[in-house]
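Below you'll find the structure, written out as structure tokens, and then a few comments.
In this chain, numbering begins with 1 at the start of the sequence shown.
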Amino acid sequence: MKKTSPSSGPGPEADPQSDINSHAVELIETTGTLFCVASPEGYFLELNPVWTDTLGWSLDELKARPYFEFIHPDDMAVTKETAQAVDTGHHVMGFRNRYRCKDGQYRWLKWRARIHPGNGHIYAAVEDVTDEVSSYQLVSMAQELARMGSWRLDLCTKAVFWSEMTYRIHEVKLGTPIKLEEGINYYVPEHRPLIEEAVERASQTGEPWDLQLQILTTTGRRVWVRALGRPVFVDEQLRYLEGVFQDIDDSKRKELRLAVTEKKVQELNERVNLALEASLMGVWEWRIDTNELIWDSQMHRLYGTDEKTTEVSYSLWERTLEPSCLRRLNEELKEALEGKGKLNTKFQAILPNGESRHIRSVAEVIRKNGKPHRMLGVNWDATEDAKKEALLKSALLEAQAAAVTKSRFLANMSHEVRTPLNGILGICRLLRERADADTADQLDLVLRSSDTLLSVINDVLDFSRLESGMAPVEQSATDVHTLTADVVSLFEASAEQKGIAVICDIRSSVPRYLLLDHIKTKQVLSNLVGNAVKFTSDGLITLAVSYTSHSEEHEGTLHFHVIDQGVGIAEDQIERLFEPFTQADSSTTRTMGGTGLGLAICRQISDLLGGTLTVESQPKVGSTFEFSFPVEVAAPPEKPRRETPIKPVIDEFVKLRVLVAEDNPINLSVLQGNLERIGIQGENIEVATNGQEAFDLAKRHSFDVVFMDCQMPVLDGFRATELIRESTEISEQPYVIAATASVLKEDIDRCYQCGMNNVLTKPLRRDEIIEALSESQKPPAAEAS
């Protein structure tokens, strides 16, 4: 601005008003505040020299161009809106925008402006608040990293202040006025009394609070927050309530999920002091170009160092680390500096007093000209979390070990029951073949009872394996038409006896071949269709199949609907259907039988496949069960190459030389009886009662087939088979068929691993024995194909 000379009036003394104006101009030119006058057309008319000191432009350069050319592009729109407000006569107080310096940097300016009513010029006083904004941004970044915001309530004016992060946590538009009652009402109804009681107690006794509560955001989301607050007294009078909010939703929900097996959820963190300054969450900055490390007071407290005497450096921090953590942390820091994400890590630090602490650290790299300039982060004590995590891992390992033990126990019990059951079923079937009509009817009753007992054993074992996670999904290309036809054929006879029909309805949109676990899928469908037949007296049962294609080219959802016109289920009983060992009506067990495990197993399989199992039903109308799960479209599997199919022909077994290794005399008698009825001559059957005898006989005689029990004294069947395969004295290796009472996958896999060719599970059925003998006669080329 130009200096104004004192007026040369008629009197001998200077004009007092001119003298005042002269001093005002001098004050404007020497003060640190930027002053300016601008025209309505958008040009600076007058500027004091502080503008040059601040921005680097000369006053002439600033006046020569519209002032909008100096404004940061991101601030252009709001600046024009503010300028229009000034033009309409409004005063501007505290408006901020960024002005470009001559060196390309930007400075934050804070404006107080008004329009002159006479000439229409804009008069403004401007402050350089760049340092203030940088400090604010630093605090805001720290709050964002910690998901922590602050608040304050003036009890005299009832005015409520929220920081930016507090607005974001509540999902409220920044700057929206907040009233006291509105702030309380964000808490969910069940937690509102807790915060009201805490505020009341703090107002009366001065006691601070530290609570973990849920709020309901403006979008309707329930979010867990850690709410800390304290009263502030002025002249011994309560004047303010203030505190901090921390978004702990993710960690709290994880804690609640892990607490399913606990009676009471333990708090994740120790109670800390009310404000960020008094907590163990420290803020740090690493200036990468100078390798300078800056800690706030909380960081010193966290690491047990003296803020006044300790010189913080990067090497000091490295020395606090457990040696095992150093290499990993350096690698994670390197990835963060390379732009591969934020630093989010845990490590152990050794304090000067020798104490070991688990530290959690989250940080972000701030770049300058595309290169890492500094890293800003927060650290907090995660020792208690680490202890809890270790306890949970230990508990999980114990639970897994218990599940394995339970599964093995049930498998052993299954083995012990199947062994005598094999004898019962085998003897009954042999006796029935030559029994009179009355005796045959009685034997049929024994056989049906034995089959029921076997079904119970299978259900309990399946439920245990699914519950313990020991039933892996094994997918293969499956013909959906064949799968459903097989299921329907299982129940055609029993349905026909009741005068009902079972039909299959496959929509044309269903791909013929899909990638799925056909065994588990068939198990669920068999259970659902079997239940429909059991509980339907007349009418029709439909197995409907449909397919929903996803956006991905070869992915979709397969839907099975089992629809019956049976007795139906009451609405209040539907929820109990999928609970183990229960049925919708307790009288069902007495009239229809069953373990109550079938639908529980189906639900577990559905979950294992990533699908759903639901039911809709009305009493005396019928039920519809829907079983859906994701699948992929598969190519048709290659057909096995066989030049001449070999069918089981009893006559071809007559000359077979067979060794039976079985230590149980009843099961031995049953197997011998079945082999003789198939047509194998008794003189061609040798018997061994343990694995050692079986191996010795295999060395002395040439056998075509060996039926090998797996659990025998002296040597078990696994080791006996291995010795037979390893023996050079046995020139013609026999076809070894395992006859085992174990049905666990790992035991069956072991049979093949030790060299057995086939596996039959007890109770043995004659048709399975015939099929295994037929497989033993196939030429090597056909078998290999």
Side-chain angles (χ1 to χ4, degrees), residues 426 474 476-479 482-483 485-486 489 518-519 522 636-662 670-688 694-695 697-699 701-710 717-718 720-740 742-743 745 747-785:
E474 298 179 352
S476 60
T478 301
D479 185 334
T482 301
L483 173 67
D486 288 346
S489 66
H518 71 279
I519 294 178
K522 186 175 181 180
E638 293 185 8
K639 295 181 179 180
R641 294 171 295 173
R642 289 183 181 174
E643 297 181 4
T644 306
I646 299 177
K647 299 180 180 180
V649 180
I650 300 298
D651 292 342
E652 296 184 4
F653 301 156
V654 174
K655 297 181 180 180
L656 285 180
R657 294 156 297 171
V658 178
L659 170 61
V660 178
E662 171 65 69
V670 168
L671 184 52
Q672 281 184 288
N674 276 292
L675 291 174
E676 289 174 358
R677 280 168 173 74
I678 289 171
I680 298 175
Q681 300 297 318
E683 59 269 18
N684 288 344
I685 301 174
E686 292 283 347
V687 173
F695 175 56
L697 284 170
K699 288 193 299 181
H701 305 284
S702 178
F703 294 104
D704 299 303
V705 177
V706 175
F707 284 90
M708 185 75 76
D709 184 25
C710 291
F718 302 113
T721 303
E722 289 173 344
L723 292 176
I724 290 172
R725 296 306 188 208
E726 295 168 2
S727 177
T728 58
E729 300 178 38
I730 304 176
S731 57
E732 296 183 7
Q733 287 286 334
Y735 187 89
V736 180
I737 302 171
T740 176
S742 176
V743 294
K745 182 178 183 300
D747 291 336
I748 293 174
D749 289 344
R750 188 181 175 191
C751 291
Y752 290 111
Q753 290 167 2
C754 74
M756 297 181 184
N757 303 96
N758 208 332
V759 179
L760 299 180
T761 57
K762 298 174 181 177
L764 301 180
R765 301 179 63 90
R766 189 177 299 171
D767 55 348
E768 294 173 342
I769 296 172
I770 292 173
E771 183 178 354
L773 290 172
S774 298
E775 290 290 328
S776 73
Q777 295 183 84
K778 291 180 182 179
E783 184 180 348
S785 66

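You'll find the side chain of I685 reaches within 4.5 Å of the side chain of L675, heavy atoms only. Put simply, the side chain of C710 reaches to within 4.5 Å of the side chain of M756, judged on heavy atoms. Looking only at side-chain heavy atoms (C-beta outward), D709 and K762 come within less than 4.5 Å of each other.
When atom types are taken as modelled, the side chain of D704 and the backbone of R657 share a donor-acceptor pair closer than 3.5 angstrom.
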Check: side chain to side chain contact (heavy atoms under 4.5 Å, CB included) between E662 and L671: does it pass, once the steps are laid out?
Finding: CA-CA 9 Å; E662 171 65 69; L671 184 52; 5.7 Å; no
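Put simply, OG1 on T740 and CZ on R750 are 10.5 Å apart, with the number rounded to the nearest 0.5 Å. Rounding to the nearest 0.5 Å places CD1 of I748 at 6.5 Å from OG1 of T761. Atom CD1 of residue I737 and atom OG1 of residue T721 lie 11.5 Å apart, to the nearest 0.5 angstrom. Here L656 contributes atom CG and Y735 contributes atom OH; the two are 12.0 Å apart, rounded to the nearest 0.5 Å. For the atom pair E729 CD and F695 CZ, the distance stands at 6.5 Å (nearest 0.5 Å).
Within 6.0 Å of atom CD in E732, 12 or fewer heavy atoms from other residues, nucleotides or ligands are found, so the atom counts as exposed in its surroundings.
Residues satisfying the side chain to side chain donor-acceptor pair (under 3.5 Å) test with T482, not counting sequence neighbours, are D479.
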